[in-house]
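Below is one structure, written out as structure tokens, with a few remarks after it.
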Amino acid sequence: MVRRIGIGVWSVIFVLLALVPVIEGNPTFTSIGVFTLIFMSSASAWNGFSGYSGYISLGNGVFYGTGAYALTVIALDAHMAPSGDIFWLVPLAGLIAAIIAVPFGFIALRVRRHTFVVITIAIFFVFQLLAYNFSFTGGSAGLLPPTPNWVGNTYNDPFYYVAFAVLVFTVLLFWGIRRSRFGLHLLAIRDDEDRARGLGVKVLRIKMLGFVLSAFVTGMGGAIFAFFIGQVYPQYAFDPVFGITVALMTFFGGIGTISGPLLGALLLEPIEQYLTIQYSVGSLYLIIYGALFLLVILFMPRGLVPTIGDWRRFVRVHLAQRREKVLPAKGDAVVGDDVAGDVPAVTTGMQ
Amino acid sequence: MLLGIIDGILTGGVYALMASGLTLIFGVMEVISVAQGIFVILGAYLSYSLEAHFGIDLFLGLFITIPALFIVGIAVEWAFLRRLKAQERIAMSILVTYAVFLIIEGVLNIVYGTNYFALHAWYVTQSVELFGVYLSYIYIFGFLLAAGLLAALYVVLYRTRFGASVRAAMQDRTAASLVGVDVRRVSTITFGIGTAVTAAGGMIYGATNSFNANSAEDLISRLLVIVVLGGLGSIGGALAAAVLMLVIEDVVAVVWSPDWATVIFFLALVAVLSIRPVGLFGRQAARAQ
Amino acid sequence: MRRQRDGKLSRRRYAAGSIALAGGLLLAALGSAGVAGASAAPHKQSPVLIGVSLSLSGDNAAYGQAFKQGYELWADYQNAHGGLLGHPIQLKILSDASSLTQLVTNYETLITLDHVQLILGPFSTLFTVPTEKVAHRFGYALIDGAGGGPEAFAAHYRDYFDVSVPVIGQLLPFAKWLATMPKKQRPTTVAYATSNDPFTQPMIPPAQKVMQKAGIRTVYYKVFPAEVTDYTPIADAVAASHAQVVVLGSVDASTVAAFMQAFEQTHYNPKAFIATSGPDSGSSFVSAVGASNTGGIMVPDQWFPSTDNALNHAMTKLYLKKFGGTLNGMNGEIGGTFSSGEVLAAAVKGSHSISNAKIISWLHGNHTIQTVQGPVKFNSVGQTFGGTYIFQWQHLKFVQILPKGAPGSVKTILYPKPVWGQGG
Amino acid sequence: MTELLVVDGVSKAFGGVQALSGCSLTLSEGSIGGLIGPNGSGKTTLFNVITGYVRADSGQVSFKGKQVTGAKPDQIFGLGLGRTFQLTRIFSRLTVLENMLVATQQQESWLRSVARGSASAAEHERAMELLAFVGLTRLAESQAGILSYGQRKLLELAYVLISDPAVILLDEPAGGINPTLIEEIRSRIIELNKSGTTFLIVEHNMEFVMGLCDKVTVMDMGCAIVSGPPAEIRADARVLDAYLGSVEEADDDA
């Protein structure tokens with residue numbers, strides 16, 4: 001029931017998103033739109049690995065940057081004409097990012113999850129430094145991908161629709177994963193990795209596959225970004241803030257849920273751009289953005305989507321209670337009465 | 001070469017001090033405070049203000065800035081961190097402290113502007129010759145200060161009742177609370193101490209580098225790396241890792257190329273972690289059973 | 001201040017388009033608190049809106065703020081002198097917070113929502129190329145004061161103009177000065193340390209070539225990454241080379257300060273010390289290195305606060321009135337930004353139009369434009385080739401020293417450089 | 001009856017503490033074995049060694065005649081040796097039903113797990129059957145985190161059962177739960193044993209062990225000191241000395 005409403009709401013949102021360039025073709029909106037769509041898929045991809053498995057990665061910028069450089073280097077080396085054909089490189093760039101994820105994951109995924117957070121940051125900086133130091137990346141001068149000669153008012157539209165297509169692919173991919181046994185295993189790893197291993201789950205391979213799929217999608221996002229901006233530099237393609245941004249968006253919307261990262265990115269990217277435009281003078285926007293986060297974390301610690309779910313449930317229970325005051329609301333939760341009924345609290349704390 | 005090693009050890013001591021706060025906080029609270037970098041910068045700015053407006057010596061000023069940051073730390077812990085649930089604690093703590101980081105960065109930008117600042121005093125620019133190399137007083141004083149504070153921290157941890165509670169909480173929060181340790185209070189004070197040490201670190205950092213609020217971003221990534229290399233929760237590890245990191249970087253920078261120094265260090269980190277995932281001095285993860 | 005002409009409409013459309021429902025109320029409540037805008041005096045004529053995106057926070061904030069001063073200064077100056085064809089200038093400055101995504105959105109917002117008639121260039125240099133592309137798509141002339149890297153001209157856009165000279169030759173006056181010294185005085189060794197930066201590194205090789213020819217041996221040459229934990233070992237290695245000349249490829253005052261401090265600590269005092277960027281950032285530099293250490297430090301640039309021309313005198317006078325402080329506290333970027341404005345004003349005046357197409361074609365008309373940085377004339381890709389000068393801090397004054405005998409150059413050059421702590 | 005599980009001279013030290021020193025043990029097919037001993041005698045460590053969670057310093061473990069010394073937990077589980085934990089380990093944010101399905105992938109390649117749903121109809125049916133068996137059907141769609149301690153023990157038993165293990169190692173199945181539920185668990189064990197499952201049970205509840213097990217092994221100081229039928233064990237002087245004398249103390253700690 002709830003699920004069906006969710007799908008309905010999202011169908012409407014996606015149809016609206018698809019129509020944005022038609023309804024409001026202003027380049028400002030479509031440009032914010034392109035970034036928003038890229039972040040929606042990147043946040044979903046982040047959630048698809050980190051949210052499902054509990055391994056918080058702050059190094060997804062590696063894949064974004066790899067995708068950005070892959071598209072640019074290939075387009076330049078193949079002397080591609082500045083046209084829409086370059087969009088065909090987007091999946092290829094994603095693939096290269098996915099390949100990069102294998103050695104990355106091989107090192108990072110064998111450590112405990114606390115350490116994983118930090119090692120992803122460390123590996124991220126290795127990549128950024130390599131981009132500075134290698135010659136095929138153009139070093140610190142960066143590279144300029146071919147720029148199509150399209151007119152200003154509709155220039156953004158092709159980028160918008162490619163980013164939209166990637167988003168649709170991403171949503172279907174991670175929606176499918178959530179329903180697959182693979183997704184179940186990722187979630188089991190999040191709750192108790194050792195136990196999952198003990199039950200025959202191929203833990204390392206499952207994590208690796210999640211990581212690689214996440215990298216694939218993120219790499220495609222980076223490729224679109226590079227082509228759209230028309231330039232790749234080490235410090236903007238391998239942007240340390242990228243990793244934390246997708247994580248924040250996911251937490252904001254609700255980690256581990258399908259809708260959470262989508263909603264988080266859909267709200268936060270435009271809000272951030274809007275705040276920057278409005279309050280950038282004097283860094284006020286930093287303060288507002290930070291405060292907004294604290295509010296959400298304190299009052300909706302699980303993110304928007306689960307909190308909305310909680311409210312719905314709360315309202316439903318209240319309505320039910322008012323209708324029939326006979327049953328106590330708790331009835332469903334506690335079944336077998338049990339002397340040590342409150343022990344679980346302790347065990348959760350231990351894990 | 002020798003110079004690289006000495007420089008590395010001296011600056012490493014200061015980084016160790018800043019990182020020890022981070023690792024202590026992690027050990028006790030399972031919280032990763034990405035605000036540590038901005039606290040360092042905040043400490044540096046406070047030292048600057050005291051020096052510039054009241055003429056208070058940088059080292060004397062620590063008697064004001066250390067308590068000030070202790071209070072800031074306690075406030076942050078009390079207002080935000082203690083409200084986090086056990087589940088997703090690490091991830092949520094990163095978010096909360098990142099938000100704190102943004103807010104403080106914004107405030108500092110407004111108060112001090114975006115120009116680079118540096119702290120000045122006679123010992124910042126004068127130096128002494130030892131073994132044929134010049135060593136600046138600030139590096140020596142800074143190292144001594146860091147060593148002194150680390151020693152004090154050690155005494156507190158291993159020779160006091162409070163320290164025993166802290167260590168108990170680091171071993172196992174639940175078990176500690178079962179044997180009567182007030183884990184909440186210990187956490188608050190630990191976060192205060194972990195933040196307070198950044199006042200000293202920030203003063204030295206500000207005297208040896210010029211800085212603005214944005215410098216915090218570079219700082220935090222390095223501190224995190226030190227803490228992981230040393231082993232999360234291990235103060236000795238933080239010390240060893242900080243010195244190792246700075247020595248490797250400095251030596252590679254001198255004998256080969258500064259451009260690759262950081263890469264070499266990060267590769268060393270990756271190598272260490274693939275062999276020893278818990279870091280140099282990290283405890284093996286205690287299993288639930 | 002945002003409520004001009006179509007401000008209301010654009011805001012509503014904005015809100016609709018960005019689906020920022022959750023933040024909407026909060027934003028609206030705070031909305032009136034802080035808004036960017038210009039300080040144009042009331043005028044009967046309708047104002048000309050000029051849009052700029054600057055990095056007012058984040059990595060590039062120190063320079064973004066200087067750019068803002070420069071543009072505001074120019075707007076005031078121009079408004080006091082009749083505005084543009086009688087219309088007052090109204091600046092619309094948005095911040096990109098040092099983010100490329102924001103930069104693109106900002107210029108699109110300025111052009112398509114705020115309908116600014118003209119635009120001016122962003123900081124930093126790395127932001128020029130994406131801006132060029134947006135400007136090109138909408139046929140806007142982009143006049144910029146901080147480009148100069150080869151990438152900026154790679155696209156061969158006819159609508160891009162850089163008022164500053166390309167970076168590549170900027171150290172040459174310095175190299176030539178050393179090379180032509182009498183043999184007795186001429187230094188024999190030089191150390192180069194440069195940041196891995198697209199606008200700094202290219203300056204080094206041409207200068208090195210000239211010095212090598214004159215028998216000045218390279219005893220140290222290292223490239224260091226943009227983000228360094230600790231400059232001390234590099235600085236110490238430079239000191240250990242005992243080079244008589246140090247060429248530092250720095251990107252900001254902070255880097256220069258770190259090197260200077262390490263030099264001072266090791267009692268190493270080169271005869272000449274030049275840094276590509278940093279010493280020209282006025283008070284920011286002085287506060288970072290300490291006043292008594294500034295003496296003798298050199299930097300290549302096109303403009304400095306005491307540049308001797310009438311336009312500059314007028315500008316600096318206005319600067320002191322508007323922002324206070326001292327002339328030596330002026331950031332070196334202000335000259336470039338002010339010049340961009342002057343070029344724009346000249347083009348508007350010359351083409352009798354605020355139409356971008358006419359402005360662009362006028363700027364390609366081989367006209368020479370006088371600016372605070374000196375005369376400017378553009379080639380087909382918008383490059384200009386004026387003089388580059390070397391400046392030096394002398395007794396807390398920032399003066400032009402090279403090329404010798406060039407207009408504005410003072411006679412005295414502090415060489416060898418004063419001892420640390422005694423060059424105030 | 002053949003020996004299904006043979007532990008031969010296993011030793012394990014943690015730092016300076018010798019948790020196991022040359023411990024040996026056998027378990028016959030179709031039997032219910034009991035493992036008792038004072039706290040710290042190495043029972044749980046022995047379980048961890050057998051199931052691959054801890055690597056032994058020396059000694060050997062064989063299962064169904066195959067060497068499994070040093071094998072990983074998933075491999076051992078794949079061979080048909082399941083276990084539960086003293087403090088239960090369930091997946092608290094998955095639903096009860098999803099918990100059941102985690103262990104259902106034994107026969108397929110891991111890559112296939114991407115392309116298929118979380119359970120086939122048959123697996124789903126089997127999972128529901130087992131939930132019914134342990135009396136948790138009503139909670140199938142609830143988050144496992146809300147279960148009580150006793151219910152968690154039942155759930156853990158149930159999801160181990162889904163892969164039809166030949167042997168199940170139970171770590172204190174009766175610890176910390178109420179008498180009714182203990183009775184429930186005992187009857188499930190007996191029922192499963194009748195249909196061919198072998199058990200090895202660590203338990204402090206003497207009554208539970210003596211009433212249920214065919215053979216009881218007593219451990220002390222990391223060593224199996226004696227094993228035999230319950231009646232024999234009760235009478236053994238060494239056992240009284242090593243264990244029964246300290247029963248009260250041990251119970252207090254548990």
Side-chain angles (χ1 to χ4, degrees), chain A residues 48 51-52 54 173-174 176-210 212-213 255-257 302 306 330-351, chain D residues 51-53 72-78 82-83 85 87-94 98-99 101-106 108-119 123 135-136 138-139 142 144-152 154 156 159-160 162-163 175-181 184:
Chain A
Y52 289 177
L173 175 69
F174 289 103
I177 285 178
R178 179 65 183 83
R179 259 152 199 67
S180 73
R181 173 165 289 164
F182 166 60
L184 180 65
H185 287 170
L186 278 174
L187 292 170
I189 287 170
R190 176 188 67 182
D191 277 4
D192 189 339
E193 181 168 348
D194 279 342
R195 191 60 176 122
R197 181 183 290 124
L199 293 175
V201 174
K202 304 276 184 291
V203 172
L204 186 62
R205 286 180 227 180
I206 295 284
K207 286 191 289 187
M208 183 69 98
L209 183 61
V212 165
L213 289 174
I255 189 167
T257 63
R302 295 196 295 139
K330 269 181 145 185
D332 223 9
V334 186
V335 178
D337 37 335
D338 187 337
V339 253
D342 55 350
V343 174
V346 177
T347 46
T348 331
M350 302 268 293
Q351 280 161 10
Chain D
T51 49
Y53 281 81
K72 303 246 168 63
D74 53 325
Q75 295 167 329
I76 292 176
F77 182 77
R83 75 172 286 190
F85 286 81
L87 294 170
T88 56
R89 291 177 70 170
I90 55 160
F91 304 101
S92 56
R93 281 173 288 181
L94 300 184
E98 282 173 332
N99 264 273
L101 299 173
V102 171
T104 52
Q105 80 302 341
Q106 286 308 306
E108 71 181 21
S109 111
W110 66 282
L111 263 176
R112 262 214 71 204
S113 70
V114 185
R116 77 201 296 296
S118 46
E123 287 161 349
L136 292 175
R138 264 215 300 166
L139 293 167
S142 308
I146 67 159
L147 297 187
S148 73
Y149 190 50
Q151 288 168 337
R152 285 168 186 234
L154 288 169
E156 203 181 11
Y159 74 57
V160 167
I162 201 158
S163 61
I177 57 178
N178 71 32
T180 332
L181 211 51
E184 178 85 20

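Proteins come first, then strands; the chains are lettered A, B, ... in the order of their sequence lines, and each starts at number 1. As the structure is a computational prediction, the values presented were derived from the model and not from experiment. Hydrogens, waters and symmetry mates are skipped; everything else that's a heavy atom, side chains included, is used.
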Practice problem: Can you sort out the partners of A/E193 under salt bridge (charged side-chain N to carboxylate O under 4.0 Å, His left out), two or more places apart, ordered by chain and number? | Solution: A/R113, A/R197, A/K207

Quiz item: Between A/A196, A/S180, A/G256, A/G183, which shows the greatest number of heavy-atom pairs under 4.5 Å with chain D?
Solution: A/S180

Quiz item: Heavy atoms, side chains only, cut-off 4.5 Å: are A/K202 and D/D74 in contact?
Solution: yes

Practice problem: Compare all side-chain heavy atoms of A/D194 with those of D/Y53 and state whether any distance is below 4.5 angstrom. | Solution: yes

Quiz prompt | Residue among D/L94, D/N99, D/L136, D/L154 with most heavy-atom pairs under 4.5 Å to chain A | solution = D/L94

Quiz item: Is there a side-chain contact between A/L199 and D/F91, using heavy atoms and a 4.5 Å cut-off?
Solution: yes

Quiz item: Within the side chain of A/D191, is there an N or O that forms a donor-acceptor pair under 3.5 Å with the backbone of D/R93?
Solution: yes

Quiz item: Do the non-hydrogen side-chain atoms of D/V102 and A/R195 ever get within less than 4.5 Å of each other?
Solution: no

